[in-house]
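Remarks on the structure that follows.
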Amino acid sequence: MTRVNVLVLRAAGTNCDAEAVHAFARASANVERVHVNRLVEGRVSLDRFHVLVIPGGFTYGDDLGAGTVLANRLRVTLHAELTRFVDAGRLVLGICNGFQALVKAGFLPGPEFTGKVTLTANESTRFEDRWIHLQAVSGLSPFVAEGTRMYVPVAHGEGRFVAQDAEALRALEASGQVVLRYVSNAGSEAAYPDNPNGSQRGIAGVCDPTGRVLGLMPHPERHVSRLQHPHWTRIGDPNADGDGLVVFRNAVEYARKHLI
Amino acid sequence: MTIFRVEVARRPDLPDPAGDAILAEAGELGFRNLTAVRSVHVYLFEGSFDRDAALRVARELLADPVVDVATVDDPLPAPSDDVVELLVAKKSGVMEPVEDSAMLAIRDLGLRIGSVRLVRKYFLFGLAAGDALDLGRRVLANEVIEDVLVGPAPELSLFAKPAAYVFRRVEIALRSASDDELRKLSRDLSLSLSVEEMRAIRGHFEALGRDPTDVEVLTIAQTWSEHCKHKTFTGPIEFEGERIDNLLRTTIMRATTELNRPWCVSVFKDNAGVVRFDDANDVCFKVETHNHPSAIEPYGGAGTGIGGVVRDVLGTGLGAKPILNTDVFCFGPIDMPADRVPRGALHPRHVMRGVVSGVRDYGNRMGIPTANGAVFFDERYVGNPLVFCGTVGLLPRDAAQKEVKPGDAIVVVGGRTGRDGIGGATFSSAELHETSEVVSGGAVQIGNAITERKVQDALLEARARNLYRSITDCGAGGFSSAVGEMGEKVGASVELERVPLKYEGLSPAEIWLSEAQERMVLAVPPENVDAILTLCASEEVEALSIGRFTGDRRLRVLYAGNLVADLDMEFLHHGLPRVSKKARRPLRSEAVQDLPEPREDWGDTVRSILSSPNVSSKEWIIRQYDHEVQGGVVVKPLQGVHNDGPGDACVLLPVLGSTRGIVVANGMNPCYGDLDPYAMAASAIDEALRNVVAVGGSLDQVALLDNFSWGSCDRPEELGALVLAARACYDAAVSYGTPFISGKDSLNNEFNTADGTIIVPPTLLISALGILEDVRLAVTMDLKSAGNRLYVVGETRAELGGSHYARLRGIRTGTVPQVRLAYARRVLQAMARATASATVRSCHDCSEGGLAVAIAEMAFAGDLGADVDLRRVPTSPTGMRDDVVLFSESNSRFVVEVAEARAASFERNLAGIPFAWIGTTTADRRVRAIGASGKSVLDEPIEALRSAWKAPLSFDAHGAGPPSPASGSSTTAGGRGGPR
């Protein structure tokens, strides 16, 4: 079978690239790590890849706000190439800092929302690492089927999803672009700490109007094996897959079906 | 160039998280009149662009259009008339990463930018100007690195450039100096050298017939510093009529030599100790202290502590990939009344917030999980907190050795050199005093984690391509130490004017000794220099050749053609005179205080011990660290149903997809050190090892690290305590079969005040690194299900000396927990067999707070109850009081949960070891104990125990978070390296 080619993009301060590579490898993809500057220089082309991943980290220190400097570089130097990539039906996944960069570069949730939604400082005012429950509430994105539940960690200081006004929020929800929400263990609306950052309407992940560009703050790539589950010594079966693996499997299956 | 001023703030109708965080901390420090804080970022630019472009910079880069407001040229209006405006800016030459990132992003927009300055502005509501300045100095800024002033606008003179340096050869008139003048020179130049050492230098230059240059004297002082040479630990000691020639070699290193384990790959010679991991990889581990910088500037000091130990690992062998950080801190009491904090010392709470933020911001940005640690509080750490930072690295099996060859280029990679941290090596070897905060400002380094991450990415690629022959970090002593050590066997020649500088004006001595962060030094074969410079450029890392290794065993330093140092490597590294020190066994109080009257119910006492800061939950700290990045942490620091139970050790998969893991644990108990330094050291080793065993490890392949933080060993009793502790390290390591592979000592941890000297308690941190062949056999401490058996493994003795129970009841004497070595080894080995045969559902080691605390923590972590009968607990002698059974801190003990069906198999593994089935896990979520009388002596709901345990360090249920002193900016950097 032809392998699906995944590009894991890195830049100064990217630091979740290894687990993103591992997650896609576990989902049987062919994965390469590429520095953003190689794309800017034209030494590496996006053409031969089916999936682009922008993983977590603190690109350029998040010194001007999370993901801002990388977003600027994507927007100014790679806009045409990225747009062509998405228009060709390929997939883009932004996790944590990658999500922040895609939002700030205007790729997520899409041009009509540019300057209307953002990811900002957690309500708790500090970086927090904790496990949370996610619920997929839209079927728009091929990365995750509606109804999917996942237990995965968050680890960020600026993950609070906010919209400029109620109208923008309503429009986003109406379009089905809100893909993932934080929920309580019982599946109900989440308050802190189940909603770890104070995101409006518990929004944890959104996609573009096509569904093929997905961004999320939590880290599904850190739960691809049961051994990564904080309770694996309680629930047993350490060889099982982790909840987050489905995101990567779905992407690979979609690419195999539609892009190869 | 035009100058623009851009101001950015949160929209006035939205909360300002940075401001709210400051409000919360200010409230804790007693600024009751303060009602609100709003923060503003003020950027000053010098750029060749117009106002429209400046507007674009403001809107596209600096302000988030959804939540921020921004102005160009005009200041943002004050939110009301009733506010004080406070400005905070980094002092000239102090690293501010935001400025570098802003430059980069503005260039990406295609604009020509000259420089950027960031000033933080705060609108303070409700305070008088004087109080505002006080708040600024205590919460918003650290005057060691920042200037604080009450508004109005900052002056544009912030762009003033330092004057260029004009070369001047400086000689020190040493040959004509008397002994008194030598002492004065040592003091005036901050050399921290004794008169005997100064005489040796004088003699050397008398023989050469010339006086030394400033660079030469400073290089010798740095190379001979306690920090680099460990003179006390390796020098002769007179102890109770006995002469110890080299304490380190005859205790800690001797254990390693005698054990002679084949899996020890590189010990006591490189930046970190290296052991075998699997067929393809080795692992290395180093733990450093960064105490004095953290006392003066907690955020920068702790961050550079992490940065420094990470560089140690990057510079081990041919370079290792950092895979885990550990952090252990000792602070003064966080509830200490402000008027009891000695003059010149920062409040312990402020120190703790700064240290935690510093470790968080550096470790998280580097992408290294911080997943093991400890925090300890004692009054004597006021003014001299202890900050231990550790890093584990992974390196290919063929990469542990390195060798410099004559002709290799000296290539510096990473950050630029500035006037940061000059004199750190000698500073860390001197004690702190009231004015340290002022005079030693230059010794504090500020770092940038992203620069170090870029260095890491570039170096690991260069290593994979085999582009260099040797590597070390620039730590204490900067180039002087790095080049001096690398070139010891061959000689080196350096041209200082080639070193990339942050700003002009640095003298050759400053460039040579600067401890600017994030720099590594490589030995590169000439044919590979171009390749390595190209590789670094592609990763946005600066790299430059600054000289070469020669082959003449001389250290030559040139500046623009002028020879500023020409030293014989033999004298530099081996000319240090050995000065004997006197040691005496510390006096111990023999009077033993009686235990207080027994009680009928010990619930209050259990809750009080759970609430003591040393025992209580560290969740507030742990969650601020990314303890899961890289995806390999499979036994996490927070465990159980609600992810809040305190794990005993970290288990990590260095290679994702494999099931072979490492176990990392630590042991430390300064309470015991006051009474019995030997028992303290042995107990720390037992604790570290039983933590390894508690999570499913064994003693089969465990390496140990020692970190001694002591008071001045010029005092014979301090040195005596060191001798006893080091001997315990030897005895215990040999008995357990666990060699030391690396270590560090910091021997001047005291704080001088007008009322006398505060000396830290003798503090030994033991870190352990074990191999777990199959992590699927790992065990956590949370109770798993009702109806299982509870066992105690190991014998309980009347050992309450230094215990938390004794502390609580004000008892200062007693027998400290001893380690009966042969017995302890058997207990730990038996427990390891039991976990390896999968008979254990949960296991927790008994340490601070004893059996009672261990059972309580297991219960609330598992959301279950426990019924136990104290009469069944194996004790020696039999028939002990209930409080002794509950709270004694005897070593080598575990509480273990075993399913009924596995009980027989579990017991078989423990044949010959004292153990007992003491009770059952229950579903009713209460912890109950039957005492000696046959009646209940403890009956507490687990929620009461949990909340007692969580209360002390939970600063905020929600919101009102603690600010970092740098208000959430990124910064920090590396500490000191160097093998011992």
Side-chain angles (χ1 to χ4, degrees), chain A residues 10 12-16 18-19 22-23 25-26 35 37-38 56-65 68-69 72-73 76-77 104 115-118 120-131 153 155 157 162-164 192-193 219 221-222 224-225 227-228 230-234 238-239, chain B residues 17-18 20-21 60-62 64-67 97-98 100-102 104-105 108-110 360 364-367 448-450 453-454 538-540 623-631 634 636 638-639 641 643 653 656-657 775-776 778-780 782 784 842 956 958-963 968-970:
Chain A
R10 66 186 183 89
T14 297
N15 64 31
C16 303
E19 51 269 50
H22 176 69
R26 195 164 166 132
H35 197 289
N37 291 359
R38 302 298 86 72
F58 288 83
T59 45
Y60 305 95
D62 284 354
D63 291 328
L64 303 183
T68 301
V69 177
N72 188 54
R73 193 162 280 188
V76 174
T77 58
K104 291 179 183 177
K116 293 186 179 168
V117 303
T118 193
T120 187
N122 293 353
E123 232 172 18
S124 71
T125 73
R126 63 173 182 274
F127 183 100
E128 284 188 59
D129 175 338
R130 60 171 74 247
W131 284 68
V162 293
Q164 195 170 40
Y192 182 85
H219 288 278
E221 82 284 15
R222 292 192 194 173
V224 297
S225 149
L227 282 169
Q228 294 166 317
H231 305 157
W232 72 266
T233 58
R234 305 183 68 80
N239 299 316
Chain B
D20 291 347
E60 295 183 13
L61 286 180
L62 304 177
D64 184 320
V66 181
V67 292
V98 174
D100 293 348
S101 293
L104 185 80
D108 276 355
L109 286 175
R360 173 195 67 202
N364 290 357
R365 276 173 171 73
M366 281 292 291
N448 185 342
I450 297 307
R453 176 70 198 202
K454 289 191 291 187
S538 81
E539 296 282 339
E540 303 174 83
R623 287 210 185 283
Q624 293 189 61
Y625 300 150
D626 191 338
H627 47 267
E628 301 181 291
V629 61
Q630 299 188 25
V634 296
K636 301 176 201 289
L638 296 168
Q639 301 176 356
V641 177
N643 300 328
L653 291 171
L656 293 182
V775 300
R776 291 170 296 187
V779 176
T780 55
D782 46 313
K784 300 300 186 298
S842 67
D956 31 13
H958 180 203
S969 81
S970 68

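Just so it is clear: chains get the letters A, B, ... in the order the sequence lines come, proteins before strands, and each one is counted from 1. Here the structure is a predicted model, which means the values were calculated and not measured.
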Heavy-atom proximity to chain B below 4.5 Å, by part of V76(A): side chain

What part of T59(A) is in contact with chain B, defined as an atom under 4.5 angstrom from a non-hydrogen atom: side chain, backbone, both or neither? neither

Counting heavy-atom pairs under 4.5 angstrom with chain B, the leader among C16(A), G115(A), A155(A) is G115(A)

Who wins among D100(B), D782(B), V779(B), L62(B) for the most heavy-atom pairs under 4.5 Å with chain A? D782(B)

Applying a strict 4.5 Å limit to non-hydrogen atoms, the region of D626(B) in contact with chain A is both

Taking every heavy atom of A105(B) against every heavy atom of N72(A), the minimum-distance pair comes out as O-ND2, 3.0 Å

Roughly how far, to the nearest 0.5 Å, is the CZ atom of R365(B) from the CZ atom of F127(A)? 9.5 Å

Are S538(B) and H35(A) packed together at the side-chain level, in the sense that at least one heavy-atom pair is separated by less than 4.5 angstrom? no

Against chain A, work out which of R623(B), K636(B), R453(B), K784(B) has the most heavy-atom pairs shorter than 4.5 Å and name it. R623(B)

Which atoms of A25(A) are under 4.5 Å from chain B, going by heavy atoms: the side chain, the backbone, both sets, or neither? neither

Among Q228(A), E128(A), H231(A), Q164(A), which residue has the highest count of heavy-atom pairs closer than 4.5 Å to chain B? H231(A)

Would you mind checking which part of V224(A) comes under 4.5 Å of any heavy atom in chain B, side chain (CB onward), backbone (N, CA, C, O), both or neither? neither

Hey, does D64(B) have a side-chain heavy atom less than 4.5 Å from the side chain of K104(A)? yes

Chain A: which of E539(B), M366(B), Q639(B) shares the most heavy-atom pairs with it under 4.5 Å? E539(B)

Side chain / backbone / both / neither for K454(B) at chain A, heavy atoms under 4.5 Å: side chain

Just wondering, do Y192(A) and E123(A) contact through their side chains at under 4.5 Å, heavy atoms? no

Identify the two heavy atoms, one from D63(A) and one from S101(B), that lie closest to each other, and give their separation to 0.1 Å. OD2-OG, 2.5 Å

Let's test your reading of the structure: which of L638(B), N364(B), V775(B), L653(B) forms the most heavy-atom pairs below 4.5 Å with chain A? N364(B)

Name the option with the most non-hydrogen atom pairs under 4.5 Å to chain A; the candidates are V634(B), V67(B), L104(B). V634(B)

Would you indicate whether the side-chain heavy atoms of Y625(B) and D129(A) approach each other to under 4.5 Å? no

Shorter than 4.5 Å, heavy atoms on both sides: which option in V69(A), D62(A), L227(A) has the most such pairs with chain B? L227(A)

I'd like to know which of N122(A), V162(A), N239(A), T233(A) tops the heavy-atom pair count under 4.5 Å against chain B. T233(A)

Under-4.0 Å salt bridge between R222(A) and E19(A): yes

Cut-off 4.5 Å, heavy atoms of chain A, and the answer for S842(B) is neither

Please state whether the side chain, the backbone, both or neither of T120(A) comes within less than 4.5 Å of a heavy atom of chain B. side chain

Classify the side-chain pair R73(A)/N37(A) by whether it contains a donor and acceptor separated by less than 3.5 Å. yes

Taking the side chain as every heavy atom from C-beta outward, state whether D108(B) and T77(A) have any atom pair closer than 4.5 Å. no

Given that the side chain runs from C-beta out, which part of R26(A) has a heavy atom under 4.5 Å from chain B: side chain, backbone, both or neither? neither

Note, R234(A) side chain near T780(B) side chain (heavy atom, < 4.5 Å): no

